[in-house]
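Take a look at the structure below.
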Amino acid sequence: MKQYSPKNVESKWQQIWEEKGAFHASNDKDKEKYYALIEFPYPSGEGLHVGHPRPYTALDIIARKRRLQGYNVLYPIGWDAFGLPTENYAVQNKIHPATVTKNNVVRFKKQLQMLGLSFDWSREINTTDPKYYKWTQWIFLKLYEKGLAYKTEMAINWCPSCKIGLANEEVVNGGCERCGAEVVRRQKSQWMLKITEYAERLLNDLDLVDYIDRVKIQQTNWIGRSEGMEVDFEITGGKKITIYTTRPDTLFGATYMVISPEHPYIEELADYIENMDELINYKEEASKKSEFERTELAKDKTGVKIEGVEATNPVNGQSIPIFISDYVLMSYGTGAIMAVPGHDTRDWEFAKKFGLPIIEVVAGGNIEEAAYTDTEEGIIVNSGFINGLEVKDAIAKISKWLEKKGLGTPKVNYKLRDWVFSRQRYWGEPIPLVYCKDCGWVPVPEDELPVRLPEVESYEPTDSGESPLANVREWVETTCPKCGGYAERETDTMPNWAGSSWYFLRYTDPYNDEELASKENLDYWLPVNWYNGGMEHTTLHLLYSRFWHKFLYDCGIVPTSEPYAKRTSHGMILGENNDKMSKSRGNVINPDEVIDEFGADTLRMYEMFIGDFEKSVPWSQDGVRGCRRFLERVWRLQEMLVDSDKITSKLEGNIHKTIKKVSEDYDHMKFNTAIASMMTLVNDIYDYGSVTKADMRILLTLLNPVSPHITEELWQMLGFEGMLYEAVWPEWDEAKTIDDVVEIAVQINGRVKGQMMISADATAEQVKEQFSGDERLVGFIEGKQIIKEIYVPGRIYNVVVK
RNA sequence: GCCGGUGUGUUGGAACUGGCAGACGAGACGGACUCAAAAUCCGUUGUCCGCGAGGGCGUGUGGGUUCGAGUCCCACCACCGGCACCA
């Protein structure tokens with residue numbers, strides 16, 4: 001017998017698959033389609049990491065199984081190649097980012113191909129390819145056209161190290177997501193996308209899709225819907241301040257108001273305000289605070305009372321003071337609140353510090369010591385006409401009252417904020433707009449797309465916050481498409497989330513120069529049947545791409561309102577010491593080395609066998625060895641081969657159980673137990689001593705999705721017809737998965753005392769009879785009174801005695 | 001603080017809808033083969049008591065429901081992830 005040599009076997013089959021175009025999705029649209037998708041990689045300089053193959057192999061298993069089940073499968077791959085690390089590397093090493101990207105892609109591609117993944121390489125895409133980003137720009141122009149892109153002067157999160165503005169989603173603990181440097185606030189004119197316009201649909205349509213719960217929950221929290229009321233408070237000079245509250249039932253406890261330091265009310269009230277200097281001072285101090293300081297100082301409330309202006313509580317007519325404080329955010333609600341110190345922790349702290357009255361309006365807590373916030377079940381007190389009501393009823397009653405009096409309106413608010421879409425960087429898609437003194441912002445005409453990045457010597461970021469493109473005058477200076485006069489190009493580029501927001505559409509028709517993809521292809525392939533990716537993208541890429549997709553749906557370009565029918569997420573692979581794998585910790589495992597030592601089939605199997613797919617797990621080199629051992633055992637089954645096309649009768653039940661288990665477990669991402677059941681079957685074959693070709697046909701087909709090379713090789717060696725990747729997935733016979741005779745446990749008072757072999761369809765009477773015939777078991781209940789007997793078919797027989 | 005998740009042998013992890021906890025791997029120990037080693041094969045491997053048959057205890061902690069709880073309920077502890085002045 002030939003020895004198992006993964007190196008030879010794997011390169012041989014990889015070549016054959018490539019030559020035959022084995023995994024190219026077919027254009028035959030009569031066949032039922034299946035679209036499996038992984039998050040396309042960012043081709044970093046470090047190359048592939050053992051974390052990458054985990055999700056790729058998982059969906060490769062799904063894709064390969066679906067092909068064997070007769071589907072027309074699309075399992076594509078491409079490169080999400082715009083982005084900072086590449087640009088930084090390019091700047092440091094004086095190589096053009098396009099060259100860096102090209103080199104990284106070559107390396108990544110080679111590594112991925114060694115894994116034997118059944119990607120359709122003929123549809124490979126790259127977000128930095130002008131033919132691709134033409135359509136990214138095109139979508140942006142559509143958004144602009146529909147009023148969903150706008151430019152605004154705003155305080156943005158600025159990373160002084162990367163010299164780039166960040167979206168809220170990209171700020172982690174007050175630091176830059178990429179480099180960790182402390183993020184500061186900076187006024188900047190930025191392009192924004194109105195994702196908030198889609199907040200409600202992004203939330204509601206989660207009901208239409210099959211996402212794992214934690215993804216849905218995280219998106220739901222991020223969108224942050226809340227129901228409440230906007231209530232008007234009259235103030236000095238006959239003006240009014242509108243606040244937002246989810247708890248109108250606590251209005252009687254509102255003893256002061258707070259508005260955000262940036263609030264325009266301050267300007268409007270200038271005539272009445274007696275301490276304007278102080279207020280302006282405070283506002284400036286507040287705006288200088290970094291994100292970090294704002295959160296750090298959260299407990300120590302600061303603020304300034306507005307002198308000369310007072311508000312009136314609309315429910316009891318009392319005069320109450322107004323403050324400005326940075327604990328009230330301009331970006332949420334109306335930027336103004338009524339403060340109810342008795343029942344809100346922040347208001348309580350502020351009131352204590354400024355010596356403001358604290359009134360209890362929901363009974364149950366001790367407001368001397370702390371705000372009582374656990375008020376869902378409470379009873380209202382000190383509140384006039386809603387006294388004695390439960391909170392729920394009080395909200396309903398006072399809301400109605402406020403509405404009737406014209407003091408309040410019901411209002412739904414979202415925490416989700418618009419998407420900061422500008423980046424002051426070189427390596428991104430240019431925003432295809434020009435600014436003309438006379439015409440304002442003018443879109444670049446469609447036939448002039450793509451607006452290409454200029455080839456330049458220097459693309460270093462600038463301290464001023466201007467994009468490096470601003471220095472390329474010959475590129476910036478252009479003519480206005482509208483009036484033909486002098487105009488300047490927008491020099492900001494798009495964030496790296498742009499290209500990835502629609503890439504799955506391009507796979508359906510990657511070479512189309514007329515449209516982003518043909519309607520015919522989009523209709524056939526969408527939605528993506530199964531999309532797997534990292535949890536870290538839940539509130540970024542996943543949400544952004546749902547937003548773009550819904551927009552394109554509204555434009556009539558895509559046929560579905562949701563892009564992905566199903567979304568799952570994999571756990572991380574940690575180092576052997578249970579730490580996150582990282583260069584600095586020195587615990588990185590390189591997939592190339594594992595493949596070199598054990599083979600790709602072993603690596604693939606190990607990554608699937610390592611543990612629960614959704615959880616993070618530490619790497620174990622010994623565990624890898626165990627999988628290699630199993631593949632060797634499968635290889636050596638040739639030694640006991642019987643040339644028969646009948647399933648070994650002694651193994652038949654086992655084989656049908658295994659088909660069922662493996663088929664179901666793959667679909668439920670329980671790869672570890674699927675593999676375990678195949679190991680058990682192989683152990684059983686060894687115990688039995690021989691195996692037929694019919695047995696092998698099934699085993700190899702089941703194992704093929706996990707370890708495609710070795711199974712394909714054995715398929716050929718055993719002389720099976722055709723290619724295994726074109727074979728048919730086996731079906732199981734339910735009747736054969738059920739044993740005729742089963743062992744059940746016998747319990748006395750719930751404690752196991754023995755076992756009995758019974759026929760699977762035995763009745764309770766028959767079981768009892770058999771029990772009575774077993775002297776040893778009967779001995780346990782001798783002289784005792786039987787109170788109850790429980791028989792769970794095929795499981796357990798429990799006798800309760802006294 | 002809020003929202004999720006997790007906690008099982010030496011170890012990665014199994015366990016359907018409440019029904020014999022520890023499948024399958026790894027490691028360790030003992031044995032076979034070998035001059036020897038590797039590889040391979042066979043056996044043992046939760047823990048305590050007992051020569052033995054057998055029995056006690058065991059799924060983070062404490063209670064509860066049930067004939068029966070890793071699984072359900074209540075309270076708590078630890079760790080991981082997300083959010084965080086969102087009114």
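These numbers come from the heavy atoms of this one structure, side chains and all, not from hydrogens, waters or symmetry mates. Throughout, a chain's letter reflects where its sequence line sits, starting with A, and its residues are numbered from 1.
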Would you list the protein and nucleotides 3-6 of chain B atom pairs, both N or O, that sit under 3.5 Å from each other?
| unit_1 | atom_1 | unit_2 | atom_2 | d |
| --- | --- | --- | --- | --- |
| B:C3 | O2' | A:Asn221 | ND2 | 3.2 |

Do A:Ile324 and A:Tyr282 make a side-chain contact, defined as non-hydrogen atoms from C-beta onward lying under 4.5 Å apart? yes
Lys/Arg-Asp/Glu bridge criterion (N-O < 4.0 Å) met for A:Glu285, A:Lys283: no
Is a side-chain donor or acceptor of A:Glu632 paired with a backbone partner of A:Tyr4 at a separation under 3.5 angstrom? no
Under 4.0 angstrom between A:Arg629 side-chain N/O and B:A26 OP1 or OP2: yes
Whole-Å distance, A:Gln747 CD to B:A21 P, equals 8 Å
Lys/Arg-Asp/Glu bridge criterion (N-O < 4.0 Å) met for A:Asp232, A:Lys240: yes
So does A:Glu789 reach the base of B:C67 with its side chain, donor to acceptor, closer than 3.5 Å? no
Note on RNA chain B: ranges paired as stems (three or more Watson-Crick/G-U pairs in a row, both atom distances under 3.5 Å) are B:1-7 with B:77-83, B:10-12 with B:24-26, B:27-32 with B:40-45, B:46-49 with B:54-57, B:60-64 with B:72-76
Among B:A87, B:C85, B:G19, find the nucleotide with the atom closest to the side chain of A:Arg795. B:G19
Please determine, for the side chain of A:Asp326, which listed nucleotide (B:C85, B:U40, B:C57) has the closest atom? B:C85
Which nucleotide in B:C85, B:C67, B:G55 has an atom nearest any side-chain atom of A:Tyr327: B:C85
Taking only side-chain N and O atoms of A:Ser226, does any of them lie within less than 4.0 angstrom of OP1 or OP2 on B:A87? yes
Closest-nucleotide mapping onto RNA chain B: is A:Asp687 or A:Asn672 further toward the 5' terminus? I mean the 5' end. A:Asn672
Would you measure the distance from the P atom in B:G56 across to the matching atom in B:G68 and give it in whole Å? 16 Å
Quick one: does any side-chain atom of A:Thr250 pair with a main-chain N or O of A:Val340 as donor and acceptor, under 3.5 Å? no
Side-chain contact test, heavy atoms from C-beta onward, threshold under 4.5 Å: evaluate it for A:Val706 versus A:Phe609 and give yes or no. no
Which comes earlier along RNA chain B counting from the 5' end, the contact point of A:Lys788 or that of A:Arg625, where each point is its nearest nucleotide? A:Arg625
A:Phe350 vs A:Phe323 aromatic rings, parallel, tilted or perpendicular, using cut-offs 30° and 60°? perpendicular
Mind checking if A:Asp612 touches a base, just sugar-phosphate, or nothing, with heavy atoms under 4.0 Å? sugar-phosphate
Respond yes when some side-chain nitrogen or oxygen of A:Arg633 is under 4.0 Å from OP1 or OP2 of B:A39, and no when none is. no
One thing to verify: whether A:Asp210 and A:Lys216 come together as a salt bridge, which I'm taking to mean a side-chain N less than 4.0 angstrom from a carboxylate O. no
Distance check: side-chain N/O of A:Asn683 vs OP1/OP2 of B:G25, anything under 4.0 Å? yes
So that I can tick it off, tell me whether A:Arg54 and A:Glu607 are bridged by a salt bridge, with the cut-off set at under 4.0 angstrom between side-chain N and carboxylate O. no
Does a side-chain N or O of A:Tyr332 approach OP1 or OP2 of B:A87 to a distance below 4.0 Å, or not? yes
Measure distances between side-chain N and O atoms of A:Lys301 and base N and O atoms of B:C85, and say whether any donor-acceptor pair falls under 3.5 Å. yes
